[in-house]
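When a ligand or atom number is given, it counts from 1 through the structure's own listing order. Remember, predicted model here, so these are calculated numbers, not experimental data.
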Amino acid sequence: MATASPPKRIVVLTGAGISAESGLKTFRDNNGLWENHRVEDVATPEAFAANPGLVQRFYNARRSQLVEEAQPNQAHIDLAEFEKDYSGEFLLITQNVDDLHERAGSKNLLHMHGELLKVRCAKTDTIYDRTTPVYYEELCDCCGLPGKLRPHIVWFGEIPLYMDKIYQALERCDLFVSIGTSGNVYPAAGFQQIAQEYGAHTVELNLEASKGASRFDECIQGPATEIVGKFFKHLLATQS
Ligand code: OAD
């Protein structure tokens with residue numbers, strides 16, 4: 001780690017790569033298909049309007065895989081342990097819609113692309129916890145109408161969540177760490193640049209060099225379960 005003094009405020013951004021070793025497929029490592037679907041067929045408001053049954057079935061399958069099969073891996077656990085032991089400010093921003101960070105024990109966490117285990121009424125914006133399948137014609141509890149419940153997921157063309165809080169944290173942090181993200185999707189792909197412009201040291205931890213790797217001050221390559229723990233344990237050691 002090349003920071004001159006121990007950081008007081010850390011922002012970590014995670015992407016699909018951190019959950020890959022929990023058995024959840026990444027978006028861009030499978031010939032452009034996500035669980036055999038083109039993104040535009042399942043992850044846009046237009047897709048939901050045109051074929052709500054298909055979209056609900058797609059997310060029902062992702063939800064049941066998450067609930068029944070996936071477990072946090074060592075990288076999720078190492079991040080949560082670091083947050084517990086670290087004395088400075090720590091914010092974890094994830095692009096992932098799984099709940100593996102929470103299950104590992106992460107506390108100060110923002111799901112900027114929504115959450116798979118939540119659904120939302122498209123009419124009233126009421127959010128409900130949900131671990132079971134959603135049928136697209138089922139009646140919504142708040143408005144009583146059929147077809148209004150949608151996955152609480154930020155689809156392409158929609159605005160990510162918590163952006164004010166995220167930009168504030170990026171402007172204040174002195175260390176920004178990006179883990180397991182390809183840097184293809186904005187605004188998250190631009191976070192490194194903002195943090196750097198405001199003076200943060202920026203680090204990428206990824207299986208391979210991402211699209212924007214050359215902009216980072218430091219890049220470490222390898223599987224998340226190996227490199228995340230090593231990096232954050234070393235950082236903690238510099239704190240004491
Ligand atoms: P991607 O699938 O684009 O990128 C995953 C990254 O993780 C790649 O750079 C891989 O090299 C890396 N990776 C794979 N396995 C890894 C491992 N074991 N350890 C470390 N790194 C590994 O996923 P994201 O960048 O998260 O948005 O994609 C960003 C957004 O695009 C997603 O949140 C989603 C998608 O469309 C929405 O759904 C709105």
Side-chain angles (χ1 to χ4, degrees), residues 12-48 55 58-59 61-63 65-66 70-79 92-101 104 109-120 150-163 166 176-193 203-216 218-232:
V12 174
L13 171 71
T14 61
I18 198 167
S19 296
E21 291 165 86
S22 295
L24 300 180
K25 290 216 171 93
T26 61
F27 297 92
R28 292 176 184 79
D29 293 335
N30 304 286
N31 304 321
L33 293 183
W34 180 29
E35 296 281 1
N36 301 322
H37 289 273
R38 294 186 314 153
V39 161
E40 54 270 37
D41 292 339
V42 289
T44 61
E46 293 77 19
F48 188 57
V55 173
F58 176 79
Y59 285 99
R62 306 280 72 72
R63 195 177 297 120
Q65 180 191 24
L66 178 59
Q71 297 293 335
N73 65 46
Q74 194 57 45
H76 297 106
I77 294 166
D78 288 334
L79 268 182
L92 175 55
I93 304 164
T94 188
Q95 298 168 88
N96 300 342
V97 297
D98 65 55
D99 65 341
L100 298 180
H101 283 307
L109 168 67
L110 297 176
H111 277 277
M112 65 176 290
H113 289 167
E115 294 172 66
L116 192 49
L117 300 188
K118 291 192 169 139
V119 293
R120 185 170 85 235
R150 57 160 281 177
H152 184 47
I153 303 277
V154 177
W155 284 324
F156 283 90
E158 297 183 322
I159 297 168
L161 308 171
Y162 311 114
M163 290 313 295
I166 289 173
F176 173 81
V177 185
S178 169
I179 305 173
T181 176
S182 62
N184 274 288
V185 175
Y186 282 83
F191 290 174
Q192 178 273 341
Q193 204 175 344
V203 180
E204 172 174 281
L205 308 179
N206 208 45
L207 192 60
E208 63 208 355
S210 75
K211 221 175 157 193
S214 62
R215 294 196 297 262
F216 283 81
E218 202 180 334
C219 290
I220 299 170
Q221 279 151 29
T225 52
E226 291 176 19
I227 59 178
V228 171
K230 235 185 233 170
F231 177 85
F232 282 97

Check: Could you walk me through whether I153 and H113 pass the side chain to side chain contact (heavy atoms under 4.5 Å, CB included) check?
Finding: CA-CA 6 Å; I153 303 277; H113 289 167; 5.8 Å; no
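Counting all heavy atoms, side chain and backbone alike, V42 lies closest to W155 at O-NE1, 3.8 Å. When all heavy atoms are compared, the tightest approach of S182 to N184 is OG-ND2, 2.9 Å. For the residue pair H111 and Y162, the shortest heavy atom distance occurs at O-CE1, 3.6 Å.
Near F156, the atoms of ligand 1 lying under 4.0 angstrom from a non-hydrogen atom of the residue are 36 (O). Taking every non-hydrogen atom of A20 and a distance limit under 4.0 Å, the qualifying atoms of ligand 1 come out as 15 (N). Against a heavy-atom cut-off of under 4.0 Å, P223 is close to the following atoms of ligand 1: 19 (N). Close approach of ligand 1 to E21 is summarised as follows: ligand atoms under 4.0 Å from at least one heavy atom of the residue are 17 (C), 18 (N), 19 (N). Listed by number with element, the atoms of ligand 1 under 4.0 Å from a non-hydrogen atom of E208 are 10 (C), 11 (O).
At a heavy-atom distance under 4.0 Å, atoms from both the backbone and the side chain of Q95 approach ligand 1.
Under the 4.0 Å criterion applied to side-chain N and carboxylate O atoms, E115 and R62 are not assigned as salt-bridge partners.
Proximity of V154 to ligand 1 is established by a heavy-atom distance of less than 4.0 Å.
Checked by distance only, ligand 1 and N206 come closer than 3.5 Å through their nitrogen or oxygen atoms. The shortest N/O to N/O separation between I153 and ligand 1 does not fall below 3.5 Å. Taking distance alone, with nitrogen or oxygen atoms compared against 3.5 Å, N184 stays at or beyond that limit from ligand 1. The shortest N/O to N/O separation between L207 and ligand 1 falls below 3.5 Å.
Side-chain N/O atoms of Q71 and S22 include no donor and acceptor closer than 3.5 Å. No hydrogens or angles considered: a donor-acceptor pair under 3.5 Å links the side chains of T94 and T14. Between the side chains of S19 and D98, at least one donor-acceptor pair of N or O atoms lies under 3.5 Å.
Compare G180, G114, S210, A213 by their heavy atoms: the one nearest to atom 6 (C) of ligand 1 is in G180. Across G17, S182, G15, A16, heavy-atom proximity to atom 17 (C) of ligand 1 is greatest for G17.
Put simply, CD1 on I179 and NE2 on H76 are 9.5 Å apart, with the number rounded to the nearest 0.5 Å.
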